Every structure is written in C-alpha cells, then in structure tokens.
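Encoded as structure tokens, the structure appears first; notes follow it.
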2 protein chains.
Amino acid sequence: MTDMPFGTKAGKLPDAARPTALHERIRADIEERILSGVWPPGHRIPFEHELMEQYGCARMTVNRALSALTAAGLIVRRRRAGSFVAAPRSERALMEIQDFAAEAARDGRPYRHEIRARSVAAVDVAAAEHFGIPAGAQALRLDCRHWIGDLPAAVEDRLILLDAVPQAGEESFVETPPGSWLLSRVPWTRAEHVIRAVNADAALARDLGIARGGACLVLERRTWQADAPVTAVRLSYPGDRHRFVGHFSPSGKAG
Amino acid sequence: MTDMPFGTKAGKLPDAARPTALHERIRADIEERILSGVWPPGHRIPFEHELMEQYGCARMTVNRALSALTAAGLIVRRRRAGSFVAAPRSERALMEIQDFAAEAARDGRPYRHEIRARSVAAVDVAAAEHFGIPAGAQALRLDCRHWIGDLPAAVEDRLILLDAVPQAGEESFVETPPGSWLLSRVPWTRAEHVIRAVNADAALARDLGIARGGACLVLERRTWQADAPVTAVRLSYPGDRHRFVGHFSPSGKAG
DNA sequence: CTCCTGATTATGTATAGACAAATAACGGGC
DNA sequence: GCCCGTTATTTGTCTATACATAATCAGGAG
C-alpha cells in the first residue's frame, strides 16, 4: 500500500452518486446503520482501528468521520471504551415540549398519564385525512391523556405505523407514555411540526377541564424514517396552562 | 521547533477556562468575531496560510477549525478565493415563521405592513415586565400590523435596544418590516421563543378582525447578542388563519 | 475584442507518525 | 473479599507532507 497514490482509492465504483470523499462515505455508512436501527442506541461501533483496516485508510480519516457524527449528536465517544450510538436526542428544539414528566419534575409536581383507548387497524380514510398520512397500512391508534398534579395537561391522539415500529403492537404504554417510548426507541430522519391555536369544543373542554371556547394550543407532529411514516400525533394543550419554549443559538444547539 | 514536544504549545496562559484544544480555540476566536459583527457577512476571513502563521500551527489544525465553522453554516469557503462570513441564516427552525412576505409570496397574495406607532424612550418598568428584559436602557418601541391580502395577519409589538442596534434609531421601517430588517443586519448569539394560545380581548379582536374570544397564537421572541438584549417582540396571530410549521432532521438542519 | 489555455492559488482530502489524556481492566496487598 | 495502584487500550490532538480539485487570472491565438 505504501506505493498506492492517495486520491485513487476505492476505485470509482460504477454506482450512482456516492459521497465523493472517503471520510464522507464512512460517515454516511455509519449514519445509515444508526438511523435504520441496525445499530441501536448503546451499540458499540467498530474501533477506529477496525474501521481503518476495513476501509483501508489512515486513522485520521476515520477520526474525521466519527468526529462529524459526534458533532451531529449521533454517537458518543469514550476513551478506552470506544464509540457508542447515542441515545436518540430528546431535546431537539420543539421536541422537548412533549416531555411531560420532565416538565412536571421541574415544577415538583407529580406526572401521570392514562390510556383511554387503544386499537390496531388499517388506517382508514378518515384517519388518513386527520393525520395527513396515506391510508391502508396497519397502525396502532392511541387515545391518551396527560396529567400534571390534578390538572389535565394535554390530550394525545396518536397513530403508530406498525410497519415502521412492529414492537409497538406488543406494548401497552401503561408504564411509559407513547411519546417517550418512541423517542427512546425509534430513530427518525425527518419530523414536521405544526402549531395552531383553536377554541376548545365541548369534548376538548371537558377533557382538559377548561371552559368551552377557551384557547388551546394544538401541536401536530409527523415523523418519518427514510420517507416511511413512523408516527403522527395531535396534542392539545390548555392555552392558559401551557407554553412552548425554545432556545436557539447560531451553532444550532438547543439551550 | 523541530524538537518542541507537540502538546506543550501556547504554554498554559494564566487565563481562566479557555477551550483546551487549539483547533477549538481558533474556531471560537473566529466565531466570536463573526457573531460580534466585527467581521460582517461577506467579509473574507484570513487564509488558512495566514491563520497557520498567526497561531503557529499546521494547516490541518486551522482547516479543522474552519471545517467546523462551515458545518455550522457560519462561513462559506470557495477554492482559490478564500473563506467568507456567511449571510445570516434566515431559516433556522422557528425563525421562518415571521417572514410574512415569503409566506404571502407562496400563496400568491400581496403582503404589506403598517407602522402604527413608533417612539424612542428609556425602557420603563411596565415595558420591562411586558417583554421580560431589564428596564432603563434606551429603546425603540414599534407597534406594527401585518396584512396578507386584505386580512390582518398579525399584530407586532416590538422593542429594539438602541445600545445593541444604534442604526435602528434612523430607520423608519416603512420599507422593510422590523423583523426582516433586524434579521438581515444584526447577528445574534441566543434566542428564546415562547408560544402561547390566548383568547382575543376586545382590542386584539378588532386589530386582527376576528371575533372576541377567538383563539390566537402568541409568539414572544427575545434575542441576545453576547448576553446583551437586542430585541424583544410579541406577535399575535389569528389562530384560525395561522400556523407555525417547523421541519427537522437529525443533522439539525431545517428542511 | 473574444476565446481558449495554462499557471497560480486556496481549499479539499488523505497519509503516517507522535504524544496526551482518560479510563477500563488487571493484579497485588491487606 | 475489597481497595488501590499499575497497565493497556482507545480516543483526542497535532505535525509535516502530498496530491487533487476548482476557480481565478494572465497571456496568447484567432
């Protein structure tokens, strides 16, 4: 290998558009395995030493790829121990707003949730319209209410696509609310949030314990894994008891 | 220098906590100059060659710092030309939601805004309370309304601190609404957003052309530049005509 | 004057080697 | 068995060098 010219490695594969730089390709390879779930959170990824041999390159090149993944928050590195797939980021900007347990803990008030309905069925036209996803696929539908202290904090109407998350079918969600459960188990590649304000109708007012017509925050979130929908949720909060807070800095990290 | 051990450079300054790694320090130094406005958008930062001499290190070390800044979107690099301070990011997650002109353009409807009040004064106790910033400093207070087509889209109540943005005192904001004006001129280091839902009182209902008690989205944003407040704004939107949309992907980039 | 070409220059990628720092694992002393 | 210091391993940082790539610029041909 000592005679091998530098820029000539990995000979140009006849493949389509691949990342041109080797460190980029290594990074993409690993990222793909993490996002696809092949390497779950906590999994130890190969040592720099091993990757270096696997790709036939210098350690600096591998290191560069892993540093990028570290910066992106996808892996965590520990000297002497190795590099590990990071726990799915829970606090990415708007993400944090559904972590009721954490919010309650900050205030020193007890948090709990109740599952009010749970069913497995194909996504019908009404549900598809409601959540903005295609109809037909098998999905778990959950109706859930969150409490902080003795006041309702939110009503949650959620769909979990069983194609993407088959193990959700076995889960009761009595111990862990569906949001946290998904957050800690399922990596996502894209998420979309919509925030609206609505006046509570009779049912919502009753469920949230507020006056009819009271202003409510509605958060709709849809999450994809490589263009396949994972989950869609509509969370309704009493407007006078809940606010969404986001911190930003130019580096992109949440505060 | 050939005999100089590697890790011993820059001898430990008696300073307080500084970034430990040199590439980290270079990155932080440059970031600071960009965010503080010393190097405005478009400014060419020193060549790797120059920085390398300035810090007495190898090019790889400088390159690493600049690569990080590129990944963060703070600089843009062009071969043969050099590295330049990037234009302020305009679409960072929630940031986009106030760009009425863009929103209107998407829909093909005309956008306009009106300045309903404009005054310069020291921040009094009531305003300090209202916006959550310290009282005392000289500030420009703006009351503004945004229209999309012939419907009111939002009411804006804003404070611009003249210590941080002195040139705002000379600006009428008739051509460019204050949000866009600030976004394109003033870099920020930290921003905080709060989103709430409220029932419109009589004044707000009148200004937005909605029924009294109608649900409204309220966005409060505060922006700092190195711990000094830059601007604070409260935007109120009709809940049935406005929604906040955010796209996220794991790499942290907005979609 | 225009178009093409080649030189120049700054960034992009990669190497091989070296030392530093942290820490998991091992082994000995009690 | 438990505590503690030593060792080995892995990541973190940096160097000095090399060649690749892209874009600008100057010069020459038409």
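Every chain is numbered from 1 and lettered A, B, ... according to where its sequence line falls, protein lines coming before strand lines. Note that these values count all heavy atoms, side chains included, but never hydrogens, waters or copies made by symmetry. Source: prediction; values computed, not measured.
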Apply side chain to side chain contact (heavy atoms under 4.5 Å, CB included) to A/Y111 and A/H146, showing your working.
CA-CA 8 Å; A/Y111 162 79; A/H146 303 264; 2.8 Å; yes
B/E156 vs B/V233, test: side chain to side chain contact (heavy atoms under 4.5 Å, CB included). Steps then yes/no.
CA-CA 7 Å; B/E156 171 173 352; B/V233 60; 3.7 Å; yes
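Residues A/V85 and A/P40 approach most closely at CB-O, 3.4 Å, considering heavy atoms. The minimum heavy-atom distance between A/G73 and A/A86, with the atom names listed, is O-CB, 3.5 Å. Nearest heavy atoms, B/H113 versus B/C144: CD2-SG, 4.0 Å.
Whole-Å rounding puts the A/E50 CD to D/dT9 C1' distance at 12 Å. When the P atom of D/dT13 is taken as reference, atom CZ of B/R25 falls 15 Å away, rounded to whole Å. Rounded to whole angstrom, the span from the CD atom of B/E53 across to the P atom of D/dT15 amounts to 14 Å. Nucleotide D/dT24 holds its P atom 15 Å from the CZ atom of B/R44, rounded to whole Å.
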Expected rows: protein N/O vs nucleotides 8-13 of chain C N/O, under 3.5 Å:
from, atom 1, to, atom 2, distance (Å)
C/dT8, O2, B/R80, NH1, 2.6
C/dT11, OP2, B/E48, N, 3.3
C/dT11, O2, B/R79, NE, 3.4
C/dG12, OP2, B/R77, NE, 3.4
C/dG12, OP2, B/R77, NH1, 2.4
C/dG12, O4', B/R79, NH2, 2.7
C/dG12, N7, B/R59, NH2, 3.4
C/dG12, O6, B/R59, NH2, 2.7
C/dT13, OP2, A/R64, NH2, 3.0
C/dT13, O4, B/R59, NH2, 3.4

Might you list the N or O atoms of the protein lying below 3.5 Å from N or O atoms in nucleotides 26-28 of chain D, with each pair's distance?
none

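Side chain of B/R158 to main chain of B/P178: no donor-acceptor pair is present (N/O by atom type, distance under 3.5 Å, no hydrogens or angles).
Applying the side-chain contact (heavy atoms from CB on, under 4.5 Å) test to A/A81 and every residue at least two apart in sequence or in another chain returns A/R78, A/F84.
Under the 30°/60° scheme for interplanar angles, the aromatic rings of B/W181 and B/F173 are found to stand perpendicular.
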